[in-house]
Amino acid sequence: MPVPTGRLALAVAVGSVVVLGVDPPWGLVGVNTALFVVALVDWSLAVRPSAIAVERELPGVVQLGADAEVVWRVRNPSDRRLHVRVSDELAPSLRATTRRVRLTLPRRARVSARARFRPSRRGRFEPTEVVVRVDGPMRLAARQQRRSLPGVLRVHPSFRSRADAELRIDRARILEVGLRSARGRGGGTDFDQLREYQVDDEFRRVDWSATARAGRPIVRTYRAERNQTVLLLLDTGRTMAGRIEGLPRLDHAMDAVMTVTAVATRLGDRAGLVAFDAEVRSVVGPGHARDQLRRVTDAMYALEPRLWESDYRGAFVTTLARFRRRALLVVCSELTEQAVSETLLPALPLVARDHVVVVAAARDPQLDAFAASVPSDASGAYRKAAAVAALDARRRLVARLRRLGVTVVDEPPGRLAPRLADAYLDVKATGRL
């Protein structure tokens with residue numbers, strides 16, 4: 001059906017002024033009839049939207065919060081100049097500068113339009129339609145049509161700790177090649193080479209036989225073991241829906257997962273992922289190929305917290321059934337008293353005996369601020385008391401987990417990923433695997 005344009009509305013306004021000087025009702029009827037006929041003729045002369053070629057170009061992958069660009073390309077197949085408007089089906093959370101463009105197309109020409117966007121939510125976006133409107137020659141009426149134009153955009157979680165991961169990779173490699181020695185309890189167990197003693201070398205590393213042959217102090221250097229297995233168990237249950245610093249706890253956990261995966265695979269170990277809530281939702285087998293970080297990210301970027309209780313026992317059973325080799329199990333979850341006491345603690349004996357277990361959780365820095373505050377009124381006092389009680393309960397949970405031999409990393413979001421990477425490197429250096 002015909003779509004009126006702004007120019008037609010302007011013509012109606014001008015016609016209403018003309019009608020004021022003509023005896024009613026014939027003047028009004030005549031003006032309306034004339035405008036209706038002209039608009040109908042204009043609509044009939046408009047090019048059909050189905051004849052207009054429209055393409056949309058989206059980047060395949062964008063990181064959360066990063067700037068990107070969408071491009072529309074429109075081609076005019078006719079021999080006359082056209083005025084075309086395109087409205088796209090872009091989600092509001094993509095925060096595009098615009099999703100509607102107005103183009104003037106010369107005859108037989110192809111014109112592009114662009115818009116910037118910055119996603120505020122990760123996940124998979126599938127715009128499927130655009131609306132194309134073509135004005136008639138007099139631009140009083142237009143033809144409009146919905147067009148199928150499927151597309152896919154994947155918004156990955158932001159890897160905010162990438163610089164911290166690179167720093168730890170470089171540091172571990174320096175220690176590995178023996179440019180300076182690790183702590184007394186570290187350094188790995190795989191023999192690497194003999195070299196001359198340096199000031200900061202450990203005395204116990206001296207090889208006395210080689211020293212006697214060379215006539216000068218010689219030490220043995222070791223490299224950390226490779227091809228060990230790190231399995232990251234990502235909790236996507238109800239406790240991970242809470243927000244810290246504007247993001248769900250799950251997003252902070254994903255940053256930690258990507259950090260450990262990047263560090264482990266770059267150091268020659270095998271990293272894998274098991275994402276779960278009431279059921280196992282995604283599994284990536286351990287590997288150390290160059291694209292392992294991409295595989296892990298692809299497996300978890302579209303996950304959202306489900307308001308169900310997480311089944312740790314089921315996740316552990318699935319993990320043990322699929323991956324029998326001794327591994328470092330990193331459980332990224334939340335330290336909520338009821339959830340930990342009723343689900344995680346009873347399930348830990350399944351894995352604590354044969355595997356090294358690390359539990360990582362993001363602590364809300366607002367709790368620390370409330371607990372350290374000096375209240376000035378009754379509401380502030382209640383808030384401080386609640387924060388102190390919550391932190392005390394959290395400390396008790398951490399103590400219970402550590403008594404079971406579990407390493408606990410409980411840090412604010414900005415420090416969670418690097419501290420978890422440090423815990424992995426500590427396990428690796430001490431040969432606990």
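Taking 4.0 Å as the cut-off between side-chain N and carboxylate O, Asp422 and Arg168 count as a salt-bridged pair. In summary, Arg294 and Asp291 engage in a salt bridge, as defined by a charged side-chain N under 4.0 Å from a carboxylate O. For the pair Asp410 and Arg363, the salt-bridge criterion is met [side-chain N within less than 4.0 Å of a carboxylate O]. Using a 4.0 Å cut-off between charged nitrogen and carboxylate oxygen, Arg56 and Glu129 do not count as a salt-bridge pair. Under the 4.0 Å criterion applied to side-chain N and carboxylate O atoms, Arg7 and Asp135 are not assigned as salt-bridge partners. Between Glu126 and Arg124, at least one side-chain nitrogen of the basic residue sits less than 4.0 Å from a carboxylate oxygen of the acidic one, meeting the salt-bridge criterion. Under the 4.0 Å criterion applied to side-chain N and carboxylate O atoms, Glu55 and Arg75 are not assigned as salt-bridge partners.
Tested against Asp392, the residues Arg394, Arg395, Arg396 include a single side-chain hydrogen bond (donor to acceptor under 3.5 Å, both in side chains) partner, Arg395.
Rounding to the nearest 0.5 Å places CE of Met138 at 10.5 Å from OG1 of Thr5. Of the inter-residue distances, the one linking Asp269 atom CG with Tyr424 atom OH reads 3.5 Å to the nearest 0.5 angstrom. Atom CZ in Arg403 sits 9.5 Å away from atom CG in Leu345 (nearest 0.5 Å). The structure places OG of Ser50 at 5.0 Å from CD of Gln145, a figure rounded to the nearest 0.5 Å. Annotation: the span from Leu64 atom CG to Ser120 atom OG amounts to 7.5 Å, rounded to 0.5 Å. Once rounded to the nearest 0.5 Å, the distance linking CD of Gln366 with CD1 of Ile244 reads 9.5 Å.
For residues 370-385, there are no salt bridge (charged side-chain N to carboxylate O under 4.0 Å, His left out) pairs, not counting sequence neighbours. Screening residues 234-246 for salt bridge (charged side-chain N to carboxylate O under 4.0 Å, His left out) gives Arg238-Glu309 as the qualifying pairs, with residues at least two apart or on separate chains. Applying the salt bridge (charged side-chain N to carboxylate O under 4.0 Å, His left out) rule to pairs touching residues 310-322 yields nothing, sequence neighbours excluded.
Between Gly237 and Pro305, the shortest heavy-atom distance links the atoms O-CB, 3.9 Å. Here the shortest heavy-atom pairing between Arg281 and Asp277 reads CD-OD2, 2.6 Å. Contact record, Pro49 with Val134: CA-CG2, 4.1 Å, taken as the closest heavy-atom pair.
Cation-pi geometry between Arg114 and Trp72 is not met at under 6.0 angstrom from the ring centre and within 45 degrees of the axis.
Side-chain contact, Arg160 with His252: a donor N or O sits under 3.5 Å from an acceptor N or O. Thr128 and Glu89 form a side-chain donor-acceptor contact under 3.5 Å, judged by distance and modelled atom types alone.
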Considering only distance and modelled atom types, tabulate donor-acceptor pairs under 3.5 Å from the side chains of residues 347-357, sequence neighbours left out.
{"unit_1": "His355", "atom_1": "ND1", "unit_2": "Ala327", "atom_2": "N", "d": "3.0"}

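Counting non-hydrogen atoms of neighbouring residues, nucleotides and ligands closer than 6.0 angstrom, the CZ atom of Arg116 exceeds 12 such neighbours. For Arg306, the CZ atom counts as densely surrounded, since its 6.0 Å shell holds more than 12 non-hydrogen atoms of other residues, nucleotides or ligands. For Arg326, the CZ atom is densely surrounded, since the number of other residues' heavy atoms within 6.0 Å is greater than 12.
In this structure a side-chain-to-backbone donor-acceptor pair under 3.5 Å is present from Gln292 to Gly285. Of the possible polar contacts, none joining the Ser93 side chain to the Arg121 backbone as a donor-acceptor pair under 3.5 Å is found.
By the side-chain contact (heavy atoms from CB on, under 4.5 Å) test, Leu367 is found to be paired with Asp364, Ala387, Ala390, Leu391, residues two or more places apart in sequence or in another chain being considered. The side-chain contact (heavy atoms from CB on, under 4.5 Å) test applied to Pro286 returns Thr229, Leu231, Arg270, Phe323, not counting sequence neighbours.
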**Request:** Apply the test salt bridge (Lys or Arg N to Asp or Glu O under 4.0 Å) to residues Arg118 and Asp67: give CA-CA distance (whole Å), side-chain angles for both, the deciding distance (0.1 Å), then the verdict.
**Result:** CA-CA 5 Å; Arg118 177 180 292 183; Asp67 288 324; 2.8 Å; yes
**Request:** Apply side chain to side chain contact (heavy atoms under 4.5 Å, CB included) to Thr259 and Val257, showing your working.
**Result:** CA-CA 5 Å; Thr259 299; Val257 167; over 6 Å; no
